[in-house]
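When a ligand or atom number is given, it counts from 1 through the structure's own listing order.
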Amino acid sequence: MNTGLEQLEAIVARDLKMIAYPESAWVPARSHDGQDVLDVLVVGAGQGGIAVAAHLRKERIERILVVDHAPRGAEGPWLSYARMHTLRTAKFVTGPDMGIPSLTFQAWYEAINGEGSFTGLFKIAKEDWSAYLLWLRDVLDLPVKNSTTLKKIEPVEDSGVLQIELQTPEGLQTIYTRKLVLAHGIEASGRWWMPPEIAALPGDRRAHTAHDIDFESLRGQRVAVIGAGASAFDNAAVALEHGAKSVTLLCRRPELQRVQPYKVIATPGFLGHFGDQSDERRWRVMQHLLSVREALTLETWTRVTIHDAFSLMTGAPVLSAKMIGNEVALETPAGTVAVDFVICGTGLDMALDSRPELEAVARHAAVWGDRYQPEVPDARMGRFPYVDGGFAFVEKTPGTAPWLSRVHCFNFGATLSMGPSGSSISGMKYAVPRLVRAIMSDLFTEDFDEHLNTIEGYALPEFPLTFARDSEKTGV
Ligand SMILES: Cc1cc2nc3c(=O)[nH]c(=O)nc-3n(C[C@H](O)[C@H](O)[C@H](O)COP(=O)(O)OP(=O)(O)OC[C@H]3O[C@@H](n4cnc5c(N)ncnc54)[C@H](O)[C@@H]3O)c2cc1C
């Protein structure tokens, strides 16, 4: 191992020791159907799942497991469909480090590249972010099982546990857990979305930015990219860099979004307490943020617009898409575009019921549309899950599925209720401790009688009743 990293790991061990109080595990062990029950199962070993697991361990919740569908090293979007060179997030944003300096990205980066190297870094390369997350989980010795997929969640009546079905390399496995954290990606409460007219095109003529795209096959081709967010531009850049004959980006709005609205909410007040506000306030703020969307960065703009083969059409929502002969014709108010291939940078849609693994949750969980009727309805926002202050799903009809309080939504689905939180680097510093506190509170409250027995039965004497002067004489 790199000596810088070895030294850093020694510092990490020392730092963790210095803040180890209180050290005792405190959650009583449970079993169900002859099996040990987990305290918490975390689904997803991306940045969110790793940060949650690290915090749970720090609070001495020991019986945890993190599972991830992807093989080790391939978690999250970073090495697959994230097609930018660097994270868009500023390099100094902290998140999965629990506020411990030796666990920050900066400490890891300087351990590898030398002291002071962070000063010269522009932004974090996505490959480095992925490697850092792997290091974190290793240095904290977090229990992660890769190539393991959540397939089904089932409540077990009056048992205090959830039954979980996992697809593992060894086959289907049933396990039990008291709490479940869904950190399985930005799209984990819904699905990547394409306009229906594009989805209806032949499969070899269109893709979503989240798909595995063979860019080599686009050499010499005419490509349209629909959408004007960061991922749309990243995909336009890769198509151009692979020698596409032309790339036309179709932006619905009359003008490109150039302001980054998420910068103005990056304050301790907002990130820490947005989730405490009334429905009306949260709706109003998130409606604004979700409607303006995120702007792309200057470097992404430069990466794309340096190419002569690039063109931008604004005020160009796609009205229809059809095959005419061997080409795709996209009709827009700004004119019709004829291309060979279409890439949709059209984001995702909230739809709990589109996730087979969440079938039971989707049947019972309230969404915003069940809880809040704004003056101007917004169907898209109304589909966001309505989660409580600890990220737990709540029942659509009270009393029908109390077990939902065991399932915590730590992905983009929680954003309308909690602001930047799950699936967000910038919100993680506040969101992860909040989630973990809620889990601790629920477990402690549920086990209160056992804790009371422990407290009342505690009988370890601090000193013997023998007088010191007598024991000095007898040597006992
Ligand atoms: C293309 C792209 C670029 C982004 N760039 C930035 C950026 O620059 N800056 C920024 O702040 N944010 C960025 N984001 C937003 C956000 O930070 C990322 O989406 C981030 O990966 C979210 O972390 P996560 O842990 O919630 O999910 P992920 O990192 O996606 O991890 C989820 C994990 O869950 C696993 N999984 C999925 N389904 C299952 C299942 N059923 N069972 C078990 N495991 C499962 C997946 O294999 C995956 O490894 C970007 C998002 C995307 C999509």
Side-chain angles (χ1 to χ4, degrees), residues 41-54 65-91 93-96 105 123-126 128-130 133-134 136-137 144-153 164-168 173 180-192 208-211 213 227 229-235 238 260 262-263 266 294-297 299-300 345 347-348 355-359 361 391 409-415 420-429 431-432 435:
L41 173 67
V42 181
V43 183
Q47 61 191 30
I50 291 301
V52 170
L65 176 67
V66 187
V67 294
D68 199 294
H69 169 74
R72 180 184 157 88
E75 300 87 356
W78 312 116
L79 304 183
S80 51
Y81 66 92
R83 299 191 169 104
M84 65 284 188
H85 292 146
T86 66
L87 294 194
R88 291 185 268 278
T89 317
K91 65 179 180 180
V93 174
T94 53
F105 177 84
K123 279 187 177 172
I124 299 173
K126 60 190 172 131
D128 282 348
W129 185 246
S130 169
L133 292 173
L134 263 190
L136 259 190
R137 103 188 205 192
V144 180
K145 191 165 161 58
N146 281 99
S147 306
T148 298
T149 309
L150 169 71
K151 300 300 275 187
K152 197 173 181 184
I153 305 165
I164 305 294
E165 203 172 278
L166 298 175
Q167 182 69 55
T168 77
Q173 195 188 344
L180 176 65
V181 175
L182 299 175
H184 57 310
I186 196 163
E187 77 283 25
S189 293
R191 61 181 157 207
W192 297 113
H208 192 282
T209 53
H211 291 161
I213 300 174
S231 283
F233 271 83
D234 291 336
N235 279 264
V238 180
Q260 176 52 285
Y262 284 83
K263 280 194 175 162
E294 285 194 68
L296 42 134
T297 56
E299 58 275 16
T300 306
L348 54 92
R355 311 280 315 185
E357 75 279 17
L358 303 186
E359 199 260 335
V361 172
F391 295 89
C409 175
F410 202 65
N411 52 62
F412 189 68
T415 305
S421 50
S423 293
S424 154
I425 301 175
S426 58
M428 203 182 275
K429 177 174 175 182
V432 174
L435 167 69

Excluding sequence neighbours, so at least two apart, what forms side-chain contact (heavy atoms from CB on, under 4.5 Å) with A125? E127, D128
Contacts of type ring pair (Phe, Tyr, Trp, His ring centres under 6.0 Å), residue F105, not counting sequence neighbours: W108, Y109, Y132
Are any protein N/O atoms closer than 3.5 Å to the N/O atoms of ligand 1? If there are, list each pair with names and the distance to one decimal place.
{"unit_1": "ligand 1", "atom_1": "5 (N)", "unit_2": "R88", "atom_2": "NH2", "d": "3.3"}
{"unit_1": "ligand 1", "atom_1": "8 (O)", "unit_2": "R88", "atom_2": "N", "d": "2.6"}
{"unit_1": "ligand 1", "atom_1": "9 (N)", "unit_2": "T89", "atom_2": "OG1", "d": "2.6"}
{"unit_1": "ligand 1", "atom_1": "11 (O)", "unit_2": "T89", "atom_2": "OG1", "d": "2.6"}
{"unit_1": "ligand 1", "atom_1": "17 (O)", "unit_2": "Q47", "atom_2": "NE2", "d": "3.1"}
{"unit_1": "ligand 1", "atom_1": "23 (O)", "unit_2": "Q47", "atom_2": "NE2", "d": "3.4"}
{"unit_1": "ligand 1", "atom_1": "25 (O)", "unit_2": "Q47", "atom_2": "N", "d": "3.2"}
{"unit_1": "ligand 1", "atom_1": "25 (O)", "unit_2": "G48", "atom_2": "N", "d": "2.8"}
{"unit_1": "ligand 1", "atom_1": "26 (O)", "unit_2": "S423", "atom_2": "OG", "d": "2.8"}
{"unit_1": "ligand 1", "atom_1": "41 (N)", "unit_2": "L150", "atom_2": "O", "d": "3.4"}
{"unit_1": "ligand 1", "atom_1": "42 (N)", "unit_2": "L150", "atom_2": "N", "d": "2.9"}
{"unit_1": "ligand 1", "atom_1": "44 (N)", "unit_2": "H69", "atom_2": "N", "d": "3.0"}
{"unit_1": "ligand 1", "atom_1": "47 (O)", "unit_2": "D68", "atom_2": "OD1", "d": "2.7"}
{"unit_1": "ligand 1", "atom_1": "49 (O)", "unit_2": "D68", "atom_2": "OD1", "d": "3.1"}
{"unit_1": "ligand 1", "atom_1": "49 (O)", "unit_2": "D68", "atom_2": "OD2", "d": "2.7"}
{"unit_1": "ligand 1", "atom_1": "49 (O)", "unit_2": "G76", "atom_2": "N", "d": "2.8"}

Just checking K152: does its NZ atom have more than 12 heavy atoms from other residues, nucleotides or ligands closer to it than 6.0 angstrom? no
Around atom NZ of K126, are there more than 12 heavy atoms of other residues, nucleotides or ligands at under 6.0 Å? yes
Exercise answer: donor-acceptor pairs, residues 66-76 side-chain atoms, under 3.5 Å, sequence neighbours excluded:
{"unit_1": "D68", "atom_1": "OD1", "unit_2": "A70", "atom_2": "N", "d": "2.7"}
{"unit_1": "D68", "atom_1": "OD2", "unit_2": "A45", "atom_2": "N", "d": "2.7"}
{"unit_1": "H69", "atom_1": "ND1", "unit_2": "T149", "atom_2": "OG1", "d": "2.7"}
{"unit_1": "R72", "atom_1": "NH1", "unit_2": "D138", "atom_2": "OD1", "d": "3.2"}
{"unit_1": "R72", "atom_1": "NH2", "unit_2": "D138", "atom_2": "OD2", "d": "2.7"}
{"unit_1": "E75", "atom_1": "OE1", "unit_2": "G73", "atom_2": "N", "d": "3.0"}
{"unit_1": "E75", "atom_1": "OE2", "unit_2": "G73", "atom_2": "N", "d": "3.3"}
{"unit_1": "E75", "atom_1": "OE2", "unit_2": "R137", "atom_2": "NH1", "d": "2.7"}
{"unit_1": "E75", "atom_1": "OE2", "unit_2": "N146", "atom_2": "ND2", "d": "2.8"}

Just checking, any donor-acceptor pair under 3.5 angstrom between side chains of H85 and E299? no
